[in-house]
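Data block below; observations after.
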Number of protein chains: 2
Amino acid sequence: MKKPDTRTSRHPVSAQPRAASRASAAKQTKVVSAKLPLIKLNRTERAAERRQAIIDAAMEEFIARGFAATRLDDIAKRAGVAKGTIYLHFKDKESMFEELIRTAIVPLVGRMQGPPPASGTVRELIEGFALNFIREVATTRRGDIVRLIVAEGPRFPSIADFYYREVVSKGLAGMRALIELGIARGEITNKNLARFPQIMVAPAMIAVIWQSLFEKHAPLDAIEMFRTHLDLIFGERRTT
Amino acid sequence: MKKPDTRTSRHPVSAQPRAASRASAAKQTKVVSAKLPLIKLNRTERAAERRQAIIDAAMEEFIARGFAATRLDDIAKRAGVAKGTIYLHFKDKESMFEELIRTAIVPLVGRMQGPPPASGTVRELIEGFALNFIREVATTRRGDIVRLIVAEGPRFPSIADFYYREVVSKGLAGMRALIELGIARGEITNKNLARFPQIMVAPAMIAVIWQSLFEKHAPLDAIEMFRTHLDLIFGERRTT
DNA sequence: TGATTATGACTGACTAGTCAGTCATAGTTC
DNA sequence: GAACTATGACTGACTAGTCAGTCATAATCA
């Protein structure tokens, strides 16, 4: 009957003495750090704050355990709210997960579309863009979100769809435009590359996956790898 | 409580244990050959056969739902055995999963080490090797195993370790050797490439992930993409 | 027949989701 | 601005299940 317990609950937040919960509910109860009672907030602001706390906690848990193995009790505990509170903000576990991912994806899109076609060579554009991506995504928690999408995507078609529509297709379209510009300017010689913008992105994606799976086995210098890859495309000559 | 989710049954394969439970393994029930003693088998042979049936069924279910959401009852049903039988072959769910992945990885290794340094250019070697990989892995069920490892790896360090040790490090080492050979022969000009054999593999990995997530949105000609990538490395000149 | 293998009903630990009740705060009155 | 009422955000014990793992019994083999 013993449980394999794939998930080792190691919550530093020590369980609150059950009995006291009601008694001192006035102000002492929620020890959780999320609350800073210093600043006065009205109801709406507090609600928004708690919603955010739930989102943060849920993100953390889902990334660590995946959808199915994540317990709402843990999310609630981590967010410093009661479980019922979660249901004031989200319909159920599944739609919470979907909304979470959707919310998390938006910043990615911003980052992808952001850079205006400034001056400089196409290589410089792509390099700046990609280095930014590696720094902002591959190395951070956002990278885990990408992995989470890869992991749960097949079981959440709506998420895969959304991700494809909002990130992948837009990102690839932008990349293709850049490649065509590079071809037009003579920076890129291989005309087929425009058919497979994925190639340009591939090393960055590999870096994301590598970080979360093999970083401890063998650290990977993602930026240097990406530059090397650019050398293959634009010809060797780097001014690092 | 558990409302039967009256509204919106959009997910064909929902992550929700309840909702999707029935749909999955229920249909496939008794197709398995275990109950057809056409050929006389002794105990050992029958046991081995059942074990294999369990492995196949488990693979199927784990790929479709991930570790946590997979039910042993479904595996048993799909394999055409009783649940208890599973425990004659595996200690528990977790070790079954690990052993499964390990078993599934072995063929990958075989495929990776197989090719003896035969004749031909380095490009031909790599191309043959990669096309084989794309045909045998990216396009098939084995590709899903790779995705499964990416998905569950962080929660099963032993699997990630094993995969790194048996597949990744060996594969990259072999690839590095090939790259160095290419450099020595003058086929490859960029010397840095040997530092990042991941680059050579990246398009194939991207293809694997693309297949399982976005195939229905936009089919990807993995082989043509890989050839284009090789053009970047070896210089353009393709005879296909 | 005795040993081995398979079965599936059963157990109990675990969890998504609910809801009656609480209470801090916003609103109203005088 | 003090007293009072209304609101609804929040709580957590509780319900209705779910499912990994067990084991007494049955089937099969040698």
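Residue numbering restarts at 1 for every chain, and letters A, B, ... go by the order of the sequence lines. Below, each value reflects all heavy atoms present in this structure, side chains not excepted, and no hydrogens, waters or symmetry copies.
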Of the listed C/dA6, D/dT11, C/dG17, the closest approach to the A/Ala82 side chain comes from D/dT11
Ignoring the backbone of B/Val81, work out which of C/dT7, D/dC10, D/dA20 is nearest its side chain.
C/dT7
Whole-Å gap separating P (D/dG12) and CZ (A/Arg71)
18 Å
Assign the ring pair A/Phe156 / A/Phe97 to parallel, tilted or perpendicular, where the plane angle (0 to 90°) is split at 30° and 60°.
tilted
A/Lys91 NZ to C/dA16 P: how many Å, rounded?
15 Å
Report yes if a donor N or O on one partner sits less than 3.5 Å from an acceptor N or O on the other, where the partners are the side chain of B/Lys83 and the base of D/dG21; otherwise report no.
yes
Relative to the 5' end of DNA chain C, which residue comes earlier, A/Gly84 or A/Asp73, by the nucleotide with the nearest heavy atom?
A/Asp73
For A/Leu88, which contact category applies under a 4.0 Å heavy-atom criterion: base, sugar-phosphate, or nothing?
base
Of the listed C/dA6, C/dG17, C/dC14, the closest approach to the A/Leu72 side chain comes from C/dG17
Tell me whether the guanidinium CZ or amine NZ of A/Arg142 lies under 6.0 angstrom from the six-membered ring centre of A/Phe133 and within 45° of its axis.
no
Let me know, please, whether A/Tyr87 or B/His89 comes out on the 5' side of the other along DNA chain C by nearest nucleotide.
B/His89
Charged N to carboxylate O under 4.0 angstrom, A/Arg71 versus A/Glu61?
no
Rounded to whole angstrom units, what separation is found between the CZ atom of B/Arg65 and the P atom of D/dT18?
14 Å
Can you check the B/Ile86 CD1 to C/dA6 C1' distance for me, whole Å?
12 Å
For B/Lys77 and C/dG8, what is the distance between atoms NZ and C1' respectively, to the nearest whole Å?
12 Å
Starting at CZ of A/Phe90 and ending at P of C/dA16, how long is that distance when rounded to a whole Å?
15 Å
Give me the ring orientation class for A/His217 and B/Tyr164: parallel if the planes are under 30° apart, tilted from 30 to 60°, perpendicular past 60°.
parallel
Looking just at side-chain N and O atoms, do B/Asp161 and B/Ser158 make a donor-acceptor pair shorter than 3.5 Å?
no
State whether A/Arg50 places a side-chain N or O below 4.0 Å from either non-bridging phosphate oxygen (OP1 or OP2) of D/dT11.
yes
Atom CD of A/Glu94 and atom P of C/dA16: how far apart are they, to the nearest Å?
13 Å
Distance, rounded to the nearest Å, where B/Ile75 contributes CD1 and D/dC19 contributes C1'
12 Å
